[in-house]
Amino acid sequence: MDLTGGAGQKVLSFFRAAPRWLLLALFLSALILWLIPKDALPVELVPWLPTVTVVLGVAVVCRFAADLTVYAAKQRAHALAYDRQMLIRVYRPLRMLFLTRHVIISTGVAAPRFRDRWENARYEIASHRHWRAAVKRAWRALFDRKSSTSAEMDFGGEFPLGEICELAKSCSAYADTELLELIRRADRASCECAADTNLLTDEELALFEHIIEEHERLSRRTGGQLVDS
């Protein structure tokens, strides 16, 4: 009994230590021997071929499955470490910019009732000479509540677009593409529309919402682990 157990341990140790290519080569060799005509093989070997082939096949599958599991775990750990750095270096400092700045977001609905949308649909039908375009626009108007969103800085100063740009530049290695694109759009919109500094442009509002959402997402994903490694 001890001899059988010792032999089993040696076989398991061999399967664990053997290179992947060797296990695969042994499995393919056993499979080929199993499939060729049995007359060309020693009689003593034929009864063992199915068992050996199945054992080697299971060993190959388990070995590659273990490798894939280790690789996936390393990839998850790498992604988690990268997200933690994004939170520490980019989105936590960006979120802190709005600690003493308060943004008010208001949403207005011009057609909240079905009667309003029905009137809009009738207007679309009467305004277009081509019936196909009129029907398409009228159908769209029936479900369009004409919602609009606006935002303004309530207190704490102006929208900190300049500080956001500086933070993104200083941590460019961890600034994602979406953030950089939103900053670019907000900067362009602020140059084209230099009216009331308390009112946010649509691009600034989109940037603000992205910062809040990403900060919350990364905080949940990292579990609040902010140790800078």
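These values consider heavy atoms only, across backbone and side chains, with no hydrogens, waters or symmetry-generated copies. Index from 1, following the sequence.
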*Asks:* How far apart are the closest heavy atoms of Ile211 and Leu179, and which atoms are they?
*Replies:*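 So the minimum-distance heavy-atom pair works out to CG1-CD1, 4.5 Å.
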*Asks:* Identify the heavy atoms of Ala168 and Ala175 that sit nearest to each other, and give their distance.
*Replies:*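 Closest heavy-atom pair between Ala168 and Ala175: O-CB, 4.2 Å.
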*Asks:* Taking the six-membered ring for Trp, are His210 and Tyr91 parallel (under 30°), tilted (30 to 60°) or perpendicular (over 60°)?
*Replies:*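 Plane angle over 60°, so perpendicular.
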*Asks:* Provide the closest heavy-atom pair for Leu97 versus Glu163 in the form atom of the first, atom of the second, distance.
*Replies:*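 So the two residues come closest at CD2-OE1, 3.2 Å.
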*Asks:* Hey, what do you get for CG (Leu94) to CE (Met96), rounding to the nearest 0.5 Å?
*Replies:*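 Output value for this atom pair is 11.5 Å.
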*Asks:* Linking I/L/V/M/F/W/Y whenever their side-chain heavy atoms sit closer than 4.5 Å, directly or via other members, would Tyr82 and Val90 fall into one cluster?
*Replies:*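 Yes.
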*Asks:* Which residue is it: Leu87, Leu167, Ile88, Ile164? I am looking for the one with a side chain to side chain contact (heavy atoms under 4.5 Å, CB included) to Pro93.
*Replies:*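 Exactly one candidate clears the test, Leu167.
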*Asks:* Can you label the angle between the Phe208 ring and the Phe98 ring as parallel, tilted or perpendicular, going by 30° and 60°?
*Replies:*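 Because their plane-to-plane angle is over 60°, the rings of Phe208 and Phe98 count as perpendicular.
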*Asks:* Starting at CD of Glu204, measure out to CG of Leu182 and round the result to the nearest 0.5 Å.
*Replies:*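 Result: 11.5 Å between the selected atoms.
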*Asks:* Hey, does Lys74 have a side-chain heavy atom less than 4.5 Å from the side chain of Val70?
*Replies:*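 Val70 vs Lys74: side chains touch.
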*Asks:* Would you give the length of the straight line joining atom CG of Asp83 to atom CZ of Arg217, rounded to the nearest 0.5 angstrom?
*Replies:*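 Atom-to-atom, Asp83:CG and Arg217:CZ are 5.5 Å apart.
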*Asks:* Please report the closest heavy-atom contact between Cys171 and Arg89, naming both atoms and the distance.
*Replies:*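 Distance-wise, the nearest heavy atoms are SG-O, 3.3 Å.
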*Asks:* Applying salt bridge (Lys or Arg N to Asp or Glu O under 4.0 Å) as the test, list every pair that has at least one member in residues 169-181; sequence neighbours left out.
*Replies:*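 Pairs touching residues 169-181 that pass the test: Glu181-Arg184, Glu181-Arg185.
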*Asks:* In the single-linkage hydrophobic clustering (I, L, V, M, F, W, Y; side-chain heavy atoms under 4.5 Å), do Leu56 and Leu28 co-cluster?
*Replies:*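 Leu56 and Leu28: one cluster.
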*Asks:* Indicate yes or no for a side-chain donor-acceptor contact from Arg101 to the backbone of Glu158 under 3.5 Å, with no hydrogens or angles considered.
*Replies:*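 Such a contact is found between Arg101 side chain and Glu158 backbone.
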*Asks:* Looking at CZ of Arg221 and CD of Glu214, how far apart are the two atoms once the value is rounded to the nearest 0.5 Å?
*Replies:*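 Here the rounded value is 11.5 Å.
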*Asks:* Quick check: closest heavy atoms across Met86 and Tyr174, and the distance to 0.1 Å?
*Replies:*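 Here Met86 and Tyr174 meet closest at CG-O, 3.4 Å.
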*Asks:* What's the verdict on side-chain contact (heavy atoms from CB on, under 4.5 Å) for Leu80 and Arg84, showing C-alpha distance, side-chain angles and the deciding distance?
*Replies:* CA-CA 6 Å; Leu80 183 61; Arg84 186 179 297 117; 3.7 Å; yes
*Asks:* Are Leu26 and Phe64 connected into the same hydrophobic cluster when the rule is that any two of I, L, V, M, F, W, Y join if their side-chain heavy atoms are below 4.5 Å apart?
*Replies:*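 Looking at the clustering, Leu26 is in the same group as Phe64.
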*Asks:* Give me the atom names and distance for the closest heavy-atom approach of Thr201 to Ala189.
*Replies:*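 What the structure gives for the nearest pair is OG1-CB, 4.0 Å.
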*Asks:* Using 0.5 Å steps for rounding, measure from the CG atom of Asp67 to the SG atom of Cys62.
*Replies:*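 It is 11.0 Å, given to the nearest 0.5 Å.
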